[in-house]
Asks: 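Could you have a look at this structure, given as structure tokens, before my questions?
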Amino acid sequence: MSQRVADVIISSNTVFTGLSDQTEPASIAIKDNKIVAIGTEEEIKHCAGEHTKIYQFKDQLIMPGFHDFHLHIMQGAVALNSVNLFAARSEDEALEMIGEFAESKPENQWVIGFTWDAGYWDTQQLPTRHSLDHILPDRPALMFHAEGHYAWVNTKALEIANITRHSENPFYGIIGRDEKNGEPNGILYEKAMDAVIRHAFNFSNSQKNEIFSNFLAHAASLGVTSVNDLHGLKTIESLDVFKEFEDNGKLTTRIHLWPALNGDLGHSKQLRVTYQSDKLRVSGLKQFIDGVITARTAYLLEPYSDQPETRGETSFAPETIKKWVVDADKEGFSIRFHAIGDGAIRLALDAYEEAQKTNGKRDSRHSVEHIEVIHPDDIHRFSELGVTVSMQPDHLAMSERGVYTEQVGAEREKYVFSINTLQKTGAKLAFGTDFPIDILNPLLQIYRAVTRIDSSGKTVWHPHECITLAEALKAYTSGPAYGTFREQELGTLEAGKLADIIVLERNLFEVLVEEIPDIKVLLTIVDGQVVYDYAGSLVR
């Protein structure tokens with residue numbers, strides 16, 4: 001009997017196990033890092049010993065930990081200590097926010113900001129380096145657009161990166177230029193940002209440790225127990241930092257790594273062997289097929305409605321993308337593609353289909369990320385090919401709806417962010433934030449998935465694409481567990497699974513839907529350990 005004595009017992013009248021669509025009263029016994037039993041309070045009583053910690057919640061919701069299926073850890077960690085410009089409604093307002101932030105952080109060599117969007121500004125005009133120069137003549141500044149695919153920089157940043165009127169555009173990148181004199185205007189698209197990012201993100205090891213530590217604390221406070229770190233911008237080299245935290249028992253969030261799919265399978269296989277623990281593992285490979293709608297770098301089947309001379313382009317030649325997929329699939333890798341435009345989504349699905357034809361069908365669990373503008377002919381292909389639908393519902397409210405619709409046109413607009421339509425085909429849904437493109441709070445994504453309230457804050461965008469609360473919670477728990485081949489260990493509350501469990505201050509199934517984004521997490525348990533305790537006084 002002694003081995004059945006639990007380290008922790010956690011009980012509530014409202015437990016969402018993820019095995020049904022309702023909540024039920026339950027007690028959960030945890031021993032070491034696993035759930036050893038789950039049942040009624042009476043059934044679990046025998047697991048309590050004199051040293052068992054007992055958490056008794058009344059109607060607060062106990063559920064599996066949130067599993068963010070798509071984010072960028074170190075960029076996000078940098079954003080936590082940067083200026084967030086999402087609320088700015090004019091260039092002047094953005095500059096005021098940047099100026100105040102720069103003054104408050106004299107120790108930061110670079111002034112870094114995130115999530116500005118000129119689509120929300122009074123003029124709807126892109127800014128230039130000159131306005132930034134006015135407030136920051138001597139300190140380099142790097143401001144990422146809300147979608148992270150272009151940036152606004154000042155002259156100092158261009159100088160440090162050695163970008164001049166003579167610089168050529170990099171492959172899959174554009175240096176914005178002044179129409180009169182050809183000088184860089186301070187807007188850098190796609191790969192043209194890399195030269196600046198390299199300098200701005202050049203952190204020492206102790207800085208990286210501090211940045212990462214902040215991220216872990218932030219994730220725990222939001223009930224995020226697992227994340228998928230997707231190869232993104234010129235990434236801050238951080239694997240050694242993650243490993244050091246794991247070795248020292250300080251890794252309080254499970255990390256699934258998705259390094260670049262780039263044809264170098266030798267390196268990828270080496271990483272997969274090196275990182276393969278419960279807490280830190282390579283789960284597959286990721287690459288971009290296109291950019292974003294607002295920059296017109298998303299790849300469309302037909303031209304943009306407001307700029308008929310362009311339909312965007314692919315980040316690599318389609319033949320290259322297909323070859324990389326076939327080769328990596330053969331080596332057993334799961335693959336994920338950033339694909340926002342209907343042309344990019346089709347190319348991703350074509351590549352996965354070709355891999356199936358060439359290598360034979362297997363349980364590959366490839367995925368497409370974002371899926372913003374899909375062609376109706378491709379909707380059924382996700383379930384047919386077993387491809388995961390990886391989406392971030394709040395993205396539909398991050399872009400100014402009118403601007404977005406103008407760019408894609410009325411016909412394509414019918415198939416924008418088709419969450420419910422895709423789910424109804426039987427495809428697996430997995431949600432995330434794309435942090436730092438959006439804030440890390442999972443409840444904001446859940447709110448948006450169930451309401452579809454657009455950027456106006458009032459209107460519902462395609463009501464038929466709303467999903468239920470239970471479906472949204474599963475897309476944030478069991479969906480990502482399945483997408484990382486961990487459904488036997490994570491994603492639901494069952495005996496034998498890893499103890500990643502959270503408690504919310506209120507029962508999501510009982511509150512007004514507009515209250516969902518503001519609900520606090522009371523307790524976060526990862527691997528059987530309490531990593532966040534809001535009140536600090538919940539233990540008996």
Asks: Distance to the ring centre below 6.0 angstrom and angle to the axis at most 45 degrees; does that hold for Arg336 and Phe69?
Replies: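 Flagged: Arg336 positioned over aromatic ring of Phe69.
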Asks: Once you round to the nearest 0.5 Å, how far does CG of Leu300 lie from CD1 of Ile345?
Replies: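 The distance works out to 9.5 Å.
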Asks: Any non-hydrogen side-chain atom of Thr492 less than 4.5 Å from a side-chain atom of Thr477?
Replies: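 Sidechains of Thr477 and Thr492: no contact.
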Asks: Please work out whether the ring planes of His366 and Tyr352 are parallel, tilted or perpendicular, with thresholds of 30° and 60°.
Replies: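 If you compare the ring of His366 with that of Tyr352, the planes turn out parallel.
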Asks: Determine, for Lys323 against Glu319, whether the closest basic-nitrogen to carboxylate-oxygen distance falls under 4.0 angstrom.
Replies: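 Not counted as a salt bridge, because no side-chain N and carboxylate O are separated by less than 4.0 Å.
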Asks: Flag yes if more than 12 heavy atoms outside Lys34 fall under 6.0 Å of its NZ atom; otherwise flag no.
Replies: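 12 or below, so no.
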Asks: Check Arg381 with Asp350, please: is the shortest side-chain N to carboxylate O separation under 4.0 Å?
Replies: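 Salt bridge: yes.
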Asks: So which of Asp500, Leu222, Leu440, Leu443 actually passes side chain to side chain contact (heavy atoms under 4.5 Å, CB included) with Phe66?
Replies: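 Filter result, single survivor: Leu443.
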Asks: On the 0 to 90° scale, with breaks at 30° and 60°, tag the Phe144-Phe201 ring pair as parallel, tilted or perpendicular.
Replies: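 Geometry flag for Phe201 against Phe144: tilted rings.
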Asks: Without swapping roles, check the side chain of His256 against the backbone of Val227 for a donor-acceptor pair under 3.5 Å.
Replies: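 Yes; judged by distance alone, with no hydrogens or angles, the pair exists.
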Asks: Please answer whether the main-chain N or O of Arg486 pairs with a side-chain N or O of Glu489 as donor and acceptor at a distance below 3.5 Å.
Replies: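 Looks like no, no N/O pair under 3.5 Å.
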Asks: Once you measure the plane-to-plane angle for His370 and His70, does it fall in the parallel (<30°), tilted (30-60°) or perpendicular (>60°) bin?
Replies: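 If you compare the ring of His370 with that of His70, the planes turn out tilted.
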Asks: Could you tell me whether Asp342 and Arg346 make a salt bridge, using a distance below 4.0 angstrom between a side-chain N and a carboxylate O?
Replies: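 Between Arg346 and Asp342 there is no salt bridge, as every charged N stays at least 4.0 Å from the carboxylate O atoms.
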Asks: Would the number of heavy atoms belonging to other residues, nucleotides or ligands and lying under 6.0 Å from CD of Glu487 be above 12?
Replies: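 It does: Glu487 CD has more than 12 such atoms within range.
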Asks: Among Tyr189, Trp116, Phe114, exactly one meets ring pair (Phe, Tyr, Trp, His ring centres under 6.0 Å) together with His145. Which residue is that?
Replies: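 Answer to the ring pair (Phe, Tyr, Trp, His ring centres under 6.0 Å) test with His145 among Tyr189, Trp116, Phe114: Trp116.
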Asks: For a 4.5 angstrom cut-off between non-hydrogen side-chain atoms, does Thr297 reach Ile174?
Replies: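 Result no, sub-4.5 Å side-chain heavy-atom pair not found.
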Asks: For Phe288, does the six-membered ring have the charged nitrogen or CZ of Lys286 within the cation-pi criterion, i.e. under 6.0 angstrom from the centroid and within 45° of the normal?
Replies: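 Yes.
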Asks: Assess whether atom CD of Gln109 is packed by more than 12 heavy atoms of other residues, nucleotides or ligands within 6.0 Å.
Replies: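 No, not enclosed.
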Asks: Can you spot which of Trp324, Phe337, Tyr172 makes a ring pair (Phe, Tyr, Trp, His ring centres under 6.0 Å) with Phe316?
Replies: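 Testing each of Trp324, Phe337, Tyr172 against Phe316, the sole residue satisfying ring pair (Phe, Tyr, Trp, His ring centres under 6.0 Å) is Trp324.
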